[in-house]
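The structure appears below as structure tokens.
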Protein chains: 2
Amino acid sequence: MTKHKDNQTEDQILKAAQIIFQTKGMDGARMQEIADKASINKAMLHYYYRSKQLLFEAVFNKAFSLLAPELNRILNDSSSIEEKIKNFTDNYISFMIKHPYLPGFIIQELNRNPKFIEKLESNVSFPDITKFKNQVKNEIENGTIIPISAEQLFINILSLNVFPFVASPLIKALVNVDDTTYQTILEARKKDVSNFLINAIRK
Amino acid sequence: MTKHKDNQTEDQILKAAQIIFQTKGMDGARMQEIADKASINKAMLHYYYRSKQLLFEAVFNKAFSLLAPELNRILNDSSSIEEKIKNFTDNYISFMIKHPYLPGFIIQELNRNPKFIEKLESNVSFPDITKFKNQVKNEIENGTIIPISAEQLFINILSLNVFPFVASPLIKALVNVDDTTYQTILEARKKDVSNFLINAIRK
DNA sequence: AAATTTGTTAACCAAATGGTTAAACTAATT
DNA sequence: AATTAGTTTAACCATTTGGTTAACAAATTT
């Protein structure tokens, strides 16, 4: 039908770019290295994505739209705070074990270029914590959980879930464990973190 | 006495390099930009520090040796876990409000080059959590705190304290607050985080 | 099957970048 | 005043790097 070959080249490029950008960042990534990893000529990168910047944005947006909707889904479903914490923790840690470079990549690049945030915020599926805030308020009134600022609770949930992936080399060194042991620790956090959180807010 | 001028040039360079490296990272930093910020000729960078790599290492080591000893001090003093949490949280959040780029810089660069860790570990003041681990074990036996893995607790403490600085642009966007409000939130965390932690582990 | 469009490559280019050099400058020592 | 050693600068250099070009190959259309 179309004159395009199947878009396998484009995909190869995107996959290679993902790996390189996510491990080395925008500044550390080299177009030649991406081309090599994709086993194609460097000119193809520009043929399909015009510039390093645009290729980077394709990778970044794909990464973000992988993380955001699920966060949004959990924030806006009808379950209790306790259920939300369990779901979020289990889901997100599982997800990040599969994609360990994603959160660090996103955070690093947002630090580097805060303007990116504005683009993201206008995105349809950008997470919205309004419902979560109301819920916290209600559960505090009902006496289900202790009084706590919804924002602080949200930051705490995020911190406990994400930081161990963002800072893994540092934590590994501080806790003095090898890779395999650290994997076990992360695995255990699927349950440990939600228990910890629930313990912290339950009356 | 000597023919050396006072070492103010060297200091100017290091200060400028700190700012540039900590905001842009090793890969994003430009020697010319550092020279400009230090108001000196680019050749001086090499005269005093030989190479970008060595200048970077000077900055990195200084940054790390600013963070590490205090962590080590708190880990090894004689106070209870609860006291440690209070001290650590208050101290570290205060410190990071003054140096908001430090933790992200260190984490990012350790991710970029995991070999750095080995150098750091052999450093005299590299934090050691042995005593902390024993203490947790004892307090669990005494029934002061709930059963919890010392490693997980340590990771939780670190996450809650450090992540809000590492990921500030992301969190600001998610929680939907401006800079000033975020500062207030961070300020409040000096107390909030230790209350949260203590609540989570107290029987 | 001729013409046209799309996909791919090797060679090339200009700008940026880390690093060097040789000369000039400064200030203390002889 | 001359010497000497450390400091600073402008100009320069080689390499890297993102990006382009022109020719070629492979589909698609007519």
Side-chain angles (χ1 to χ4, degrees), chain A residues 1-63 105 108-109 112-113 115-116, chain B residues 1-63 105 108-109 112-113 115-116:
Chain A
M1 194 102 281
T2 85
K3 279 184 185 171
H4 296 319
K5 294 196 175 163
D6 46 36
N7 48 8
Q8 61 162 23
T9 308
E10 211 170 327
D11 281 0
Q12 273 171 32
I13 294 176
L14 203 61
K15 273 183 193 159
Q18 254 172 57
I19 295 170
I20 302 295
F21 277 131
Q22 286 178 17
T23 49
K24 311 212 164 176
M26 169 68 168
D27 292 329
R30 295 289 159 254
M31 293 299 265
Q32 187 58 60
E33 201 181 356
I34 294 173
D36 290 347
K37 174 134 287 185
S39 312
I40 46 123
N41 189 288
K42 181 162 69 86
M44 296 300 280
L45 302 180
H46 295 94
Y47 181 74
Y48 282 104
Y49 292 91
R50 293 206 61 81
S51 70
K52 186 185 185 185
Q53 179 64 26
L54 287 174
L55 176 55
F56 171 79
E57 284 176 22
V59 169
F60 186 87
N61 290 332
K62 194 179 167 196
F105 168 67
Q108 183 189 143
E109 297 303 328
R112 197 177 57 84
N113 186 359
K115 283 180 197 161
F116 258 151
Chain B
M1 193 99 287
T2 83
K3 283 185 182 172
H4 295 318
K5 294 197 172 161
D6 47 38
N7 48 7
Q8 61 161 24
T9 308
E10 213 171 323
D11 281 359
Q12 273 171 32
I13 294 176
L14 202 61
K15 273 183 193 158
Q18 253 172 59
I19 295 169
I20 302 295
F21 276 132
Q22 285 178 19
T23 49
K24 310 213 165 179
M26 170 68 168
D27 292 329
R30 295 290 159 253
M31 294 297 267
Q32 187 58 59
E33 199 181 357
I34 295 172
D36 291 348
K37 174 135 285 184
S39 312
I40 47 124
N41 187 288
K42 183 164 66 88
M44 297 298 280
L45 301 180
H46 295 94
Y47 181 75
Y48 282 104
Y49 291 91
R50 293 206 63 78
S51 69
K52 186 185 185 186
Q53 179 64 25
L54 287 174
L55 176 55
F56 172 79
E57 284 176 22
V59 169
F60 186 88
N61 290 332
K62 195 180 166 194
F105 168 67
Q108 183 189 144
E109 296 303 328
R112 197 178 57 84
N113 186 358
K115 283 180 195 160
F116 258 152

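First the proteins, then the strands, lettered A, B, ... as listed; each starts at 1.
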Gap separating the CG atom of A:L55 from the OH atom of A:Y48, nearest 0.5 angstrom: 13.0 Å

Side-chain N,O (B:T9) to OP1/OP2 (D:dT7) below 4.0 Å: no

Among D:dT9, C:dT9, D:dG19, the one nearest A:H46 by side-chain distance: D:dG19

Gap between atoms CG and P, on B:N41 and C:dC25 respectively (whole Å): 15 Å

A:Y48 vs C:dT8: side-chain N/O to OP1/OP2 distance below 4.0 Å: yes

Distance, rounded to the nearest Å, where B:I13 contributes CD1 and C:dG18 contributes P: 15 Å

Protein-nucleotide distance (A:L45, atom CG; D:dT17, atom C1'), rounded to Å: 13 Å

Whole-Å gap separating C1' (D:dT7) and NZ (B:K42): 18 Å

Sugar-phosphate only, base, or nothing, as touched by A:M44 at under 4.0 Å among non-hydrogen atoms: base

Residue mapping more 5' on DNA chain D - nearest nucleotide basis, A:D27 or B:A43: B:A43

side-chain contact (heavy atoms from CB on, under 4.5 Å) evaluation trace for B:Q18 with B:F60: CA-CA 8 Å; B:Q18 253 172 59; B:F60 186 88; over 6 Å; no

Between P of C:dA16 and CD of A:Q32, the distance in whole Å: 21 Å

Any A:S51 side-chain N or O less than 4.0 Å from OP1/OP2 of D:dG18: no

Protein-nucleotide distance (A:L54, atom CG; D:dG18, atom P), rounded to Å: 14 Å

d(CD, B:Q8; C1', D:dG6) in whole Å: 14 Å

Minimum-distance nucleotide to A:I40 side chain [options: C:dG19, D:dT8, C:dT9]: C:dT9

Protein-nucleotide distance (B:Y47, atom OH; D:dA5, atom C1'), rounded to Å: 9 Å

Presence of donor-acceptor pair under 3.5 Å, side chain of B:K52 and base of C:dG19: no

D:dT16 phosphate, OP1 or OP2, under 4.0 Å from A:R30 side-chain N/O: no

Check against side-chain contact (heavy atoms from CB on, under 4.5 Å), A:K37 and A:Q12: CA-CA 9 Å; A:K37 174 134 287 185; A:Q12 273 171 32; over 6 Å; no

